[in-house]
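Written below as structure tokens is the structure these notes are about.
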Amino acid sequence: MPVSKEILDEIALGQQEYELIVEKLGREPNEVELGLFGALWSEHCGYKHSTALLRQLPSGGRRVLVKRGEENAGVVDIGDGLAVVMKIESHNHPSAIEPYQGAATGVGGIVRDIFTMGARPIALLNSLRLGPLSDPHNRYLFSGVVGGIAGYGNCLGIPDIGGEIFFADCYSANPLVNALCLGVAETKNLVKATARGEGSLLMLVGADTGRDGLHGASGLASRTFEQKRELRSTVQVGNPFLEKLLIEACLELAETDWIAGMQDLGAAGLTSSAIESAARGGGGIEVDVLKVPRREKGMTPYEVMLSESQERMLVIAKKGCKDKVKAVFDRWELRSDVIGQVTGDGMARIKEGEKVVADIPVDLLTSPPIYRRRVKKPPRLEQLQAFDVASIPDLSPKKAGSTLLRLLASPNIASKRCVYRQYDHQVGDNTVVLPGSDAGVLRIKGTKKGIALTTDGNPRYCCVNPYLGGVIAVAEAARNLVCTGAQPLAITNCLNFGNPEKDDVYYQLRECIAGMARACRELRTPVVSGNVSLYNETKGEAIYPTPVVGMVGLLEDVAKHCASGFKNEGDLVFLLGDGQVVDSSIGSSEYLALVHGIIKGNPHIDLGLEKRLQRCCLEAIRRDILNSAHDCSEGGLGVALAESCVANGLGFVSRDWRIAGRLDSALFGEAQSRIVVSLAPKSAWKLGRLAARWQIGAKRLGTVEGKRLILRGYIDLSVDEIGEAWWGGLEKLL
């Protein structure tokens, strides 16, 4: 019997996809089977439009311990028998509907991805994109999202050590909430998300199952908002106190040899966790939905299998170990129930008591169609990239100071203190560099080591040039880590785009991934995990292409980390890297958008120079030459100098800085591959020799001095004025 378009829309399957299912299955699927296909063939679980493109991203390296895509998160060796486990994921659409719970359960889900592998979560970061705060609804979303992140993370006792927030009109109806979690594990205790060993038991642990989250993967994360009906029921409700118990119980279990695998119940709930685990193990599973504990009456097999109720784990107990596994969960006052077993026939068999309600090959469920499209560069990109800087007047020297203050107060540049002070960023006593710097830094207890973490991605660059935007997202993340003294190791990414069935969006996705792949190869930072979030659009208008790069770096001696703010009066200040003023660097900048209301202009980056700059800076920090290092990014050199002053309340004076070319480009252009550093005068010759060896510029800018920022002839502002603009800019909008 043909399935109606309404039913297919409900589960985000196309008519051709349904016909393919019938052809491969040799019959029409029943309701439960169709629900399983809808979930596992959804964009969120099946990656139909991105899998072919993601293969470009390098994934291997001597420190990479797990092949990307085979487990819940990426695993990177940091020596001494330890590994970091990390991943970033989106919870965009749920946060647009119910911001507090959407963001909170986003944190809960990403934390489960980490501890299910036997790693203790030790850090959270978040990358947020919202509409302008002049709109009351955007302020509501902002408050709810930040509150949800704080409420869940603080209850778990995991420090939130950094992140980023960007505001633009295109995110007003479709905010982006990307959450990153990193954990540390002993490599010997790593747990796989695999259902293997015929006769091993499937144990469902944690919360009872309800109707919350139905169609979260297929109906919410794989369609645009115009295609969604009643949405609030698709948003899950979290319980961080229950999750804390799960963390401790699962980590205790990871130290035993009683389990064959462990998997959290996230998108598509029991469907994805059980069936994807079976696929990894090369076998099958049998589940009896009557054995699944429920908190609501009258739930159907369809609802039980697709529920996305939070704080649930699937544990695969080895034969003979059920009682020992159950005893661990009993001790932590967690419910655990045997709901099925691993089979050897390769089938996903779902039963309701003795009645079989679904019986499908695992390989078929986990092999959605993969779409490859040929698209051309949209003509509008040519227009955006062809911006002529001569079409706008240059900045008047008399307005340089007021313009700097305006930029510092803009929400994309201003301090995010009013956000991160709601997060507990020092719990656990591991945080060495607090939020607000280029990257957060944590010590690894029991060793001298430290790790640095950051998230980056400028959507304006990707809007005008998706390829270079992807390159720069990776380069800037690595540069931020290098400024702390950390060697960049690996990436987890979250790719947020509009409807991939549209040519211009698919082009953006293809080019951004290609750009990221090139930068990852050049900088030797493999992509070990990630997430793709598509269909981010409302009323036919897509968000900016927004690839978010989460990157981890290693400090062999955390005591030798470097700060971003000026440290000592009398230190000399240099600009490392590309010191040449290029007028076109004003293109796609925060200055151009804020002052002139223009989002145009082609960004530029020389990856060879970027690589040399990062190696030079890293060596200078390791040799104790530098007292501070801060990268030039949004707002350009003027903002970088101001932020370096504000950090510790120290001024900067440049008495003979001569500007050739446009003043706006020199002060606020966002040319890449530049780092502002400070150092003792006696170390200047060492920096000069190092820069010459790495073939990069080292231009002396001035001196750390007094309580004013002075660029003679252009800017003369007190550090207090600068601080008032920067510290209070975002707060005033709220």
Indicate yes or no: at least one non-hydrogen side-chain atom of Ile625 is less than 4.5 angstrom from one of Glu619.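 No - every pair of side-chain heavy atoms lies 4.5 Å or more apart.
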Applying ring pair (Phe, Tyr, Trp, His ring centres under 6.0 Å), name anything that partners Tyr591, two or more places apart in sequence or on another chain. His596, Phe668
With Phe574 via ring pair (Phe, Tyr, Trp, His ring centres under 6.0 Å) - residues at least two apart: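 None.
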The criterion is side chain to side chain donor-acceptor pair (under 3.5 Å); which residues satisfy it with [X], sequence neighbours excluded?
| X | value |
| --- | --- |
| Glu670 | Tyr461 |
| Glu705 | Arg655 |
| Lys377 | Glu382, Gln385 |
| Asn480 | Asp456 |

Between the side chains of Glu731 and Arg421, is the shortest nitrogen-to-carboxylate-oxygen separation below 4.0 Å, so that they form an ion pair?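 Salt bridge flag = yes for Glu731 with Arg421.
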So, are Arg460 and Glu590 salt-bridged, with charged N and O less than 4.0 Å apart?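 Counted as a salt bridge, because a side-chain N and a carboxylate O are separated by less than 4.0 Å.
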Exercise answer: donor-acceptor pairs, residues 565-573 side-chain atoms, under 3.5 Å, sequence neighbours excluded:
unit_1	atom_1	unit_2	atom_2	d
Glu569	OE2	Gly706	N	2.8
Asp571	OD2	Asn627	ND2	2.8

Listed by chain and number, what are the salt bridge (charged side-chain N to carboxylate O under 4.0 Å, His left out) partners of Lys707, not counting sequence neighbours?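 In terms of salt bridge (charged side-chain N to carboxylate O under 4.0 Å, His left out), with neighbours along the sequence ignored, Lys707 is linked to no residue.
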Run the side-chain donor-acceptor check on residues 507-526: report pairs under 3.5 Å with partners two or more places apart or on a different chain.
unit_1	atom_1	unit_2	atom_2	d
Arg510	NH1	Val375	O	3.1
Glu522	OE1	Lys611	NZ	3.3

Cut-off 3.5 Å, no hydrogens considered: what does the side-chain donor-acceptor table look like for residues 400-409, sequence neighbours left out?
unit_1	atom_1	unit_2	atom_2	d
Ser402	OG	Lys399	O	3.1
Thr403	OG1	Lys399	O	2.7
Arg406	NH2	Leu594	O	3.1

Name every donor-acceptor pair, under 3.5 Å, that has one atom in a side chain of residues 550-561 and the other anywhere in the protein, sequence neighbours excluded.
unit_1	atom_1	unit_2	atom_2	d
Glu556	OE1	Lys449	NZ	2.9
Asp557	OD1	Ala559	N	3.1
His561	ND1	Val558	O	2.8

With distance as the sole test, does Asp504 use its side chain to make a donor-acceptor pair with the main-chain N or O of Pro378 at under 3.5 Å? no
Pairs involving residues 381-423, ordered by first then second residue, that meet ring-ring contact (aromatic ring centres under 6.0 Å, His included) (sequence neighbours left out): Tyr420-His425
